[in-house]
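FYI, the numbering just counts along the sequence from 1. Values in this document were obtained by computation on a predicted structure and should not be read as measured data.
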Amino acid sequence: MSNNLTPVVNFLTRLSNAALWLAGTGLVLMTVFVAWQVFCRYVLNDSPSWTEPGSVMLMSWFIFLGAAVGIRENNHLGFDVLLYVLPKSGKRVLRMISDIVILAFGAGMVWYGGALMSLTWNTILPSLGISGAFDYLPLAGGGVLAVIFSLERIVLRLAGEPIDDALDEILPAEIAVEIENINADPNVKLKV
């Protein structure tokens with residue numbers, strides 16, 4: 001990796017790890033909130049009003065933070081079937097297009113999430129006592145991370161870094177099983 005890019009990539013790795021830890025913590029807290037809600041409702045017969053909206057807000061955070069980390073680690077949703085039959089140069093072009101689309105989608109999340117935050121800034125969520133804008137903060141925050149992480153992938157690819165090489169060696173499980181079945185036939189031998 002280029003020495004110029006190393007500090008930035010290291011920072012983004014720490015940012016990604018922090019987002020992943022926050023998402024995991026949010027998942028655990030949401031589980032605790034829901035368990036408390038159930039206990040209070042069925043044992044104490046007195047449900048706290050903050051647990052459900054708090055849980056939903058935490059769920060928004062861990063979904064959007066986890067999705068952003070998935071973008072950085074190239075574990076996001078995609079339609080990869082075509083990539084298995086294309087040459088390496090074609091795969092690079094399609095992955096670049098995918099990262100550009102993700103960048104645009106992340107920018108839309110920031111833009112529209114910010115617009116929703118500004119519309120609800122002066123409202124108060126009664127059960128939590130905080131601004132209604134906090135409902136949309138995960139959307140904008142996840143969008144910022146999606147933009148940053150997809151931009152990182154685009155810059156690294158343009159700088160000639162081999163970020164796609166590991167992906168080119170991965171075969172889906174179904175293809176691997178078929179190749180094993182074909183290789184079991186003594187008349188046919190495939191090399192992958």
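- Thr31 places a side-chain N or O within 3.5 Å of a backbone atom of Leu27 that can act as its donor or acceptor partner.
- Closest of all the heavy-atom pairs between Ser55 and Phe33 is OG-CB, 3.2 Å.
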Quiz item: Could you go step by step and tell me if Ser98 and Leu94 meet the side-chain contact (heavy atoms from CB on, under 4.5 Å) rule?
Solution: CA-CA 6 Å; Ser98 175; Leu94 285 182; over 6 Å; no
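- Inter-residue side-chain proximity for Leu15 and Arg72 is flagged as unmet; no heavy-atom pair is nearer than 4.5 Å.
- Each side chain to side chain donor-acceptor pair (under 3.5 Å) pair with one or both residues in residues 122-149, not counting sequence neighbours, would appear here, but there are none.
- Residues Arg153 and Ile71 approach most closely at CD-O, 3.4 Å, considering heavy atoms.
- For the pair Leu103 and Asp99, the minimum side-chain heavy-atom distance is 4.5 Å or more.
- Neither Leu20 nor Phe64 shares a network with the other; the hydrophobic side chains, linked directly or stepwise wherever heavy atoms of I, L, V, M, F, W or Y lie under 4.5 Å apart, form separate groups for each.
- With contacts defined as side-chain heavy-atom distances shorter than 4.5 Å, the pair Leu156/Val9 qualifies.
- Inter-residue side-chain proximity for Cys40 and Asp46 is flagged as unmet; no heavy-atom pair is nearer than 4.5 Å.
- With sequence neighbours excluded, the residues forming a side chain to side chain contact (heavy atoms under 4.5 Å, CB included) with Ser47 are Gln37, Arg41, listed by chain and number.
- Listed here is the closest heavy atom pair of Ala19 and Leu145: CB-CD1, 4.0 Å.
- The shortest side-chain heavy-atom distance between Tyr112 and Met109 does not fall under the 4.5 Å cut-off.
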